[in-house]
Amino acid sequence: MRLSQGFVPTVKEIPADATIPSHQLMIRAGMVRALAAGVYVYLPLAQRVFGKVTRIVRDEMDRIGGQELLLPALSPIELWEQTGRVKAFGDTLFHVKNRPLVLAPTHEEVVCWLAKNHISSYKEMPQIWYQIQVKFRNEPRPRSGVLRGRQFMMKDSYSLDRSWEGLDRAYDLHAEAYRRIFTRCGLRFFVVGASSGAMGGTGSQEFMMESPSGEDVIALSEDGSYAANLEVASSQVPGAARVAGDARMEEIHTPGVKTIDALAEFLHVDQAMLAKSVVYWGGDRPVLVLMMGNDSLNESKLMSVLGVDVRPIEGEKLRELTGAEGGSIGPVGLKGFMILADARLKGANGLVSGANRNDYHLRNIDLDRDCTIEGYHDLRTVQEGETSVNGGGKLRIVRGIELGHIFKLGTKYADALGAKFLDENGKESPIIMGSYGIGIDRIIACHIEQNHDENGIIWDRSIAPFDVHLIAVSTRSAQVTETSEALYGELGRSGMDVLYDDRKETSPGFKFKDADLLGMPYQVIVGEKNLANGNIEIKERKTGRRKIVPKSELVETVRGLVTSKEPEWKP
RNA sequence: CGGGGCGUAGCGCAGCCCGGUAGCGCGCUUGGUUCGGGACCAAGAGGCCGGGGGUUCGAAUCCCCCCGCCCCGACCA
């Protein structure tokens with residue numbers, strides 16, 4: 001591509017709206033332009049990167065037996081009503097106003113519809129179907145450039161199996177394919193155990209990139225052997241000790257004491273003796289959860305225990321239901337609540353908790369004796385520095401960007417939509433599904449997040465829009481122009497993608513700055529002085545290293561660099 | 001949806017407090033000079049000051065409403 005004719009609108013100044021490096025650089029390097037909040041135009045350079053990334057994705061998906069198909073962006077709302085996801089998605093689902101259609105945010109329903117109509121025998125499975133397409137989600141707040149948009153490019157694949165073992169196999173194949181894909185795209189990533197959230201299912205893992213711009217929070221063990229989304233992470237923490245004796249429960253006056261810290265100080269006791277009560281709506285049912293001391297409740301964990309959405313009970317309603325305000329609520333004698341407790345409190349006694357009467361607490365509570373606890377579950381949010389559950393050392397809490405997510409869906413969708421098959425014994429069973437997503441835009445943005453410097457992008461060879469950026473330094477020199485033109489042809493003919501800066505009215509400095517900004521792995525610089533000695537300069541973008549080679553060796557040298565596994569630099 | 005900020009030329013911004021001829025830098029056009037790290041000189045083009053209503057002799061500027069965009073939070077399959 002000739003820069004003189006191409007559409008690569010670079011900008012010198014940092015766009016005011018962009019706050020993270022990848023967003024700034026994608027605009028500055030002429031890759032994208034915002035059309036509306038969370039909606040981007042992808043310009044030629046970005047489109048080329050898309051091509052490179054999707055080629056890798058297709059390659060790896062095909063390798064595990066995936067078959068690519070194309071699914072519609074529009075789908076009948078009826079399908080979504082059948083799986084209950086119109087409600088589950090809520091406002092995030094885009095509705096079409098003048099037809100009973102929705103813009104698909106993902107395609108489980110459509111795949112399941114397809115399977116229901118066309119897969120009827122165990123002999124027709126397993127299947128892995130995948131698509132690389134635009135998906136739509138009416139995000140309440142798009143942000144961080146293409147990282148969270150209202151429309152975005154996804155690779156989604158769906159596995160159909162006749163057995164749970166088959167699902168495990170498909171899942172493992174995807175996990176391996178994803179490792180290969182992200183590695184080939186030049187990303188440093190890690191895999192974490194994750195919550196399946198509203199997708200449902202029996203297990204899921206996320207492929208994450210560590211980044212301060214990330215929206216997810218992850219707990220990682222020191223030795224790297226444990227990694228989990230904070231939504232599901234757990235750690236080794238001591239449980240409550242049972243104290244000797246069988247002291248009677250009694251009410252104590254605790255004026256103005258509203259927090260666990262204040263209560264511990266007021267009573268001069270360890271926080272481990274205190275049971276904090278937090279109250280939530282679990283669907284439309286009030287739930288009281290007891291946490292040890294100042295442990296914080298993990299709403300995701302509570303949600304998966306209850307199987308419904310949860311939200312805090314607040315204000316007037318709280319007083320009405322408990323007879324007290326936050327800070328004085330407790331499990332003893334509380335009517336109409338489902339009472340759960342964190343696993344740390346199992347079998348505990350001698351505890352202090354709220355008396356459901358403002359400014360009063362109860363002491364010597366024995367959970368076994370004085371309360372009806374409907375279940376003990378791991379409900380706490382892990383803290384930095386705690387020991388990982390697998391003994392892999394202390395936990396570090398970091399932020400991350402989700403690149404991919406794989407789910408064992410099971411039969412949720414097949415059950416809802418009636419996708420069944422006949423097994424070897426002529427028995428009808430629901431098809432067992434998995435679904436596996438990769439955010440293509442995120443691969444690109446994350447690659448830039450991980451690979452840039454103050455001058456611009458530093459593309460990995462695998463997904464760079466071009467292999468080589470050829471610069472004709474001075475266009476008034478006929479020799480430079482002629483040599484550059486010749487090299488443009490030769491480099492192209494030898495199989496390389498070449499971006500050729502042949503602009504006539506552009507100063508050398510400008511061309512160098514643009515080349516660093518655009519970030520192709522290698523720059524071939526044709527300048528007057530070197531050319532006078534029959535030489536041409538090659539610069540490696542990543543390191544800034546340069547070498548001068550004779551004109552006759554240029555094409556071979558560059559080709560060696562572009563195709564070698566580990567480029568050798570012998571200046 | 002709550003909190004904050006911002007909408008003025010293609011981009012980045014000043015002007016607004018204190019109403020009175022709409023500015024600067026970059027980019028763009030033309031001519032000339034320059035040519036290895038975002039060149040220089042000269043002459044130009046380009047704006048319903050986000051939209052609507054109000055106050056006023058007069059509004060980019062003051063008041064009200066709306067829209068859009070960004071950030072923090074809520075949310076995030």
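Residue numbering restarts at 1 for every chain, and letters A, B, ... go by the order of the sequence lines.
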Taking atom [atom2] of [N] as reference, at what distance in whole Å does atom [atom1] of [X] sit?
X	N	atom1	atom2	result
R143(A)	rG68(B)	CZ	P	18 Å
R150(A)	rG68(B)	CZ	C1'	11 Å
E13(A)	rC26(B)	CD	P	10 Å
M303(A)	rA74(B)	CE	C1'	13 Å
E402(A)	rC76(B)	CD	C1'	9 Å
I218(A)	rC76(B)	CD1	P	16 Å
M208(A)	rC76(B)	CE	P	15 Å

(message) Please check this pair: side chain of R33(A) against backbone of I27(A), looking for a donor-acceptor N/O pair closer than 3.5 Å.
(response) yes
(request) Would you check if the side chain of S477(A) reaches a backbone N or O of V480(A) as a donor-acceptor pair within less than 3.5 Å? (result)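 Answer holds: yes.
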What's the gap between [N] and [M] when it is taken at their [atom1] atoms, as a whole Å value?
N	M	atom1	result
rC41(B)	rG47(B)	C1'	27 Å
rA39(B)	rC26(B)	P	11 Å
rA59(B)	rC49(B)	P	12 Å
rG5(B)	rC65(B)	P	16 Å
rG51(B)	rC67(B)	C1'	7 Å
rG15(B)	rU61(B)	C1'	9 Å
rA9(B)	rG27(B)	C1'	11 Å
rG7(B)	rG52(B)	C1'	16 Å

(message) Run the ring-ring contact (aromatic ring centres under 6.0 Å, His included) test against F510(A) and tell me which residues pass, sequence neighbours left out.
(response)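 Once residues adjacent in sequence are excluded, F510(A) has no partner under the ring-ring contact (aromatic ring centres under 6.0 Å, His included) criterion.
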(request) Would you please name every residue forming a ring-ring contact (aromatic ring centres under 6.0 Å, His included) with Y40(A), sequence neighbours left out? (result) H23(A)
Using a 4.0 Å heavy-atom cut-off across all strands, classify [X] as base, sugar-phosphate, or nothing.
X	answer
P105(A)	base
A36(A)	sugar-phosphate
T83(A)	nothing

(request) Enumerate the residue pairs fulfilling salt bridge (Lys or Arg N to Asp or Glu O under 4.0 Å) with a member in residues 206-216 of chain A, sequence neighbours excluded, ordered by first and then second residue. (result) R143(A)-E215(A), R148(A)-E215(A), E210(A)-R396(A)
(request) Write out all pairs satisfying salt bridge (Lys or Arg N to Asp or Glu O under 4.0 Å) with one or both partners inside residues 525-538 of chain A, taking only residues at least two apart or from two chains. (result)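 Matches after skipping sequence neighbours: E537(A)-R546(A).
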(message) With no hydrogens and no angle check, just 3.5 Å: does a side-chain donor-acceptor pair link W80(A) and S75(A)?
(response) yes
(message) Between H174(A) and S157(A), do the side chains contain a donor N or O and an acceptor N or O under 3.5 Å apart?
(response) yes
(message) As an exercise, state the distance from CZ of R541(A) to CG of L517(A), rounded to the nearest 0.5 Å.
(response) 8.5 Å
(request) Starting at OH of Y130(A), measure out to NE2 of H107(A) and round the result to the nearest 0.5 Å. (result) 15.5 Å
(request) Give a yes/no on whether any side-chain N or O of T19(A) is located under 4.0 angstrom from OP1 or OP2 of rC71(B). (result)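 Yes.
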(message) For nucleotides 36-43 of chain B, give me one character per nucleotide, 5' to 3': B if any protein heavy atom sits under 4.0 Å from the base, S if the only such contacts are to the sugar-phosphate, - if neither.
(response) BBBS----
(request) Record whether the side chain of R141(A) comes under 3.5 Å of the base of rC75(B) through a donor-acceptor pair of N or O atoms. (result) no
(message) Please give me every residue in residues 479-488 of chain A whose heavy atoms get under 4.0 Å of an atom in RNA chain B, ordered by residue number.
(response)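 Correct list: empty, so none.
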(request) For F136(A) and for G145(A), locate the closest nucleotide of RNA chain B by heavy-atom distance; then report the residue assigned to the nucleotide nearer the 5' terminus. (result)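 The residue whose closest nucleotide sits nearer the 5' end is G145(A).
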